[in-house]
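Reading through the structure tokens given below for one structure.
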Amino acid sequence: MHEISLCQNMRHILDEAAQENDLTVISKVHLLVGDLTCVETSALEFAFSVCMKESIAQEAELHIIPVEGKALCNQCGNSFASKHFFTPCPRCESNEIQIISGEELTIQSVEAH
Amino acid sequence: MCTTCGCSDHTTTHNHDDHHLIQVEKDLLEKNNNYAQMNREYFFEHNILSINFLSSPGSGKTTLLEKTIDQLSQPLCVIEGDQQTSRDADRIGQLGVPVKQINTGKGCHLDAHMIGHAMEALPLSDNGLLFIENVGNLVCPALFDLGENYRVVVLSTTEGEDKPIKYPNMFHSADLMILNKSDLLPHLEFNLDACFDNAKSVNPNIEIITCSALRGHGMQDWFNWLEKKHFPQKKW
Ligand SMILES: Nc1nc2c(ncn2[C@@H]2O[C@H](COP(=O)(O)OP(=O)(O)OP(=O)(O)O)[C@@H](O)[C@H]2O)c(=O)[nH]1
Ligand SMILES: [Mg+2]
Ligand SMILES: [Zn+2]
């Protein structure tokens with residue numbers, strides 16, 4: 001359950017953000033989650049509800065913003081959507097690809113009252 | 001642009017009637033990555049070769065370490081990660097190697113902070129090696145950079161040739177795949193070529209060594225790999 005550790009980290013980051021910005025209650029968290037990460041959305045939501053107990057974000061809604069996996073072909077320079085690490089380039093069929101997005105696990109913003 | 005309301009206010013904090021939107025832009029793994037960077041710098045300054053061994057439970061990581069320790073003349077320390085027990089650390093300790101067991105309890109992986117503390121407890125030598133045996137799990141440990149120089153994923157022949165594509169994050173992030181338990185191949189229907197193709201498809205740069213830690217076949221390739229990576233230590 002790495003989702004639990006991720007949410008514990010999230011709690012620290014939210015605490016810090018609250019201190020820096022003088023927030024008392026966080027009502028919503030906008031989180032970028034790349035499609036290529038090994039993070040399970042339902043597990044993350046569950047972990048969020050557990051880990052935020054008695055924190056500034058205990059009532060907060062978790063808004064998960066999925067980020068599409070994208071790869072760049074090192075052979076022909078084509079960039080293309082990829083649901084896996086192992087999608088060969090659709091243009092030249094090369095496996096020499098580089099992931100350019102889809103690995104995000106980033107708190108983009110929070111809403112506070 | 002504000003993702004909530006679509007307004008074009010670019011300041012970090014702004015009001016919409018009753019709420020503020022505060023840009024945070026922080027990676028959930030940032031703390032871990034910072035600790036990993038500290039470990040990495042330590043390894044570099046002391047010319048230590050550090051290796052993170054990952055696999056599902058029982059692939060033969062501890063056996064591989066035991067056989068490797070027998071061969072090495074350089075100073076070596078070991079960190080053992082398991083949910084419970086110090087059985088693996090005891091096995092390594094019996095060989096006279098300084099070892100620190102980390103029990104992760106409910107956790108399913110080692111993180112860079114735990115490694116930093118374990119390093120404090122070990123007599124790490126300049127120009128030596130540090131082997132880290134991660135918790136047996138092909139999913140979670142992939143996310144957590146420990147600051148290691150190399151990631152080695154150990155796959156055993158009894159697990160099937162499809163594991164690299166079933167657990168792509170792990171194989172994607174590894175530098176070397178060791179296919180262990182090659183002695184069992186005659187008893188299995190394991191397609192070596194398909195396994196290598198699967199590994200290469202998720203990670204075209206992955207190196208592959210086939211061996212039997214228990215019986216010794218192929219182990220020289222692994223020792224050569226280690227030798228090559230250790231001298232001279234490069235900046236990574
Ligand atoms: N046939 C065969 N068995 C092996 C080989 N390497 C390890 N084993 C056996 O596999 C079992 C598990 O080995 P370990 O070295 O404890 O595996 P591990 O990956 O450290 O296990 P965990 O730490 O519990 O995840 C033991 O019974 C070993 O004897 C091998 O090359 N061939
Ligand atoms: Mg072990
Ligand atoms: Zn291409």
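The figures that follow rest on heavy atoms only: side chains count, while hydrogens, waters and symmetry mates do not. Chain identifiers are assigned alphabetically (A, B, ...) following the order of the sequence lines, protein sequences preceding nucleic acid strands; residue numbering begins at 1 within each chain.
- Residues A/Glu96 and B/Pro204 approach most closely at OE2-CB, 3.9 Å, considering heavy atoms.
- Of the residues considered (A/Leu105, A/Asn95, A/Ile99), A/Leu105 shows the highest number of contacts with chain B, using heavy-atom pairs under 4.5 Å.
- Qualifying side chain to side chain contact (heavy atoms under 4.5 Å, CB included) partners for B/Asn103, counting only residues two or more places apart in sequence or in other chains: B/Asp82, B/Gln101.
- In this structure, the separation between NE2 on A/His84 and CD1 on B/Ile165 is 9.5 Å, given to the nearest 0.5 Å.
- The part of A/Thr37 that comes within reach of chain B is its backbone (N, CA, C, O), which places non-hydrogen atoms under 4.5 angstrom from that chain.
- Proximity to chain A (any heavy atom under 4.5 Å) is shown, for B/Lys26, by both the backbone and the side chain.
- The part of A/Leu31 that comes within reach of chain B is its side chain, from C-beta onward, which places non-hydrogen atoms under 4.5 angstrom from that chain.
- Taking both residues in full, the closest heavy atoms of A/His2 and B/Cys108 are given as N-SG, 3.6 Å, listed atom of the first, atom of the second, then distance.
- Interface remark: B/Phe171 contributes no atoms to any contact with chain A (heavy atom separation under 4.5 Å).
- Taking a 6.0 Å sphere around OH of B/Tyr35, one finds it holds 12 or fewer heavy atoms contributed by other residues, nucleotides or ligands.
- For A/Glu104, no part lies under 4.5 angstrom from a heavy atom of chain B.
- Heavy atoms of A/His63 lying under 4.5 Å from chain B are absent altogether.
- Remark: B/Thr104 engages no residue in a side chain to side chain donor-acceptor pair (under 3.5 Å) (not counting sequence neighbours).
- The number of heavy-atom neighbours closer than 6.0 Å to CD of B/Glu120, taken from other residues, nucleotides and ligands shown, is above 12.
- Taking SG of A/Cys7 as the reference point, atom CG of B/Leu28 lies at 7.5 Å (rounded to 0.5 Å).
- Distance check, rounded to the nearest 0.5 Å: CD of B/Glu25 to CD1 of A/Ile107 gives 10.5 Å.
- The two residues B/Asp27 and A/Ile13 make their nearest non-hydrogen contact at O-CD1, 3.5 Å.
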Quick one: do B/Ile22 and A/Ile26 satisfy side chain to side chain contact (heavy atoms under 4.5 Å, CB included)? Show the steps, please.
-> CA-CA 10 Å; B/Ile22 296 112; A/Ile26 288 176; over 6 Å; no
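- At least one side-chain heavy atom of B/Leu29 sits less than 4.5 Å from a side-chain heavy atom of A/Leu6.
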Report the C-alpha separation of B/Leu143 and A/Cys38 in whole Å, then their side-chain angles, then the decisive distance to 0.1 Å, and conclude whether the side chain to side chain contact (heavy atoms under 4.5 Å, CB included) test is met.
-> CA-CA 8 Å; B/Leu143 265 181; A/Cys38 50; 4.0 Å; yes
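- In this structure, NZ in B/Lys31 is found 4.5 Å from CD in A/Glu16, a value given to the nearest 0.5 Å.
- A 6.0 Å sphere centred on NZ of B/Lys200 holds more than 12 heavy atoms belonging to other residues, nucleotides or ligands.
- For the atom pair A/Phe85 CZ and B/Asn169 CG, the distance stands at 4.5 Å (nearest 0.5 Å).
- Rounded to the nearest 0.5 Å, atoms CG (B/Leu21) and NZ (A/Lys28) are 10.0 Å apart.
- Environment of NZ in B/Lys163: crowded, with over 12 heavy atoms of neighbouring residues, nucleotides or ligands closer than 6.0 Å.
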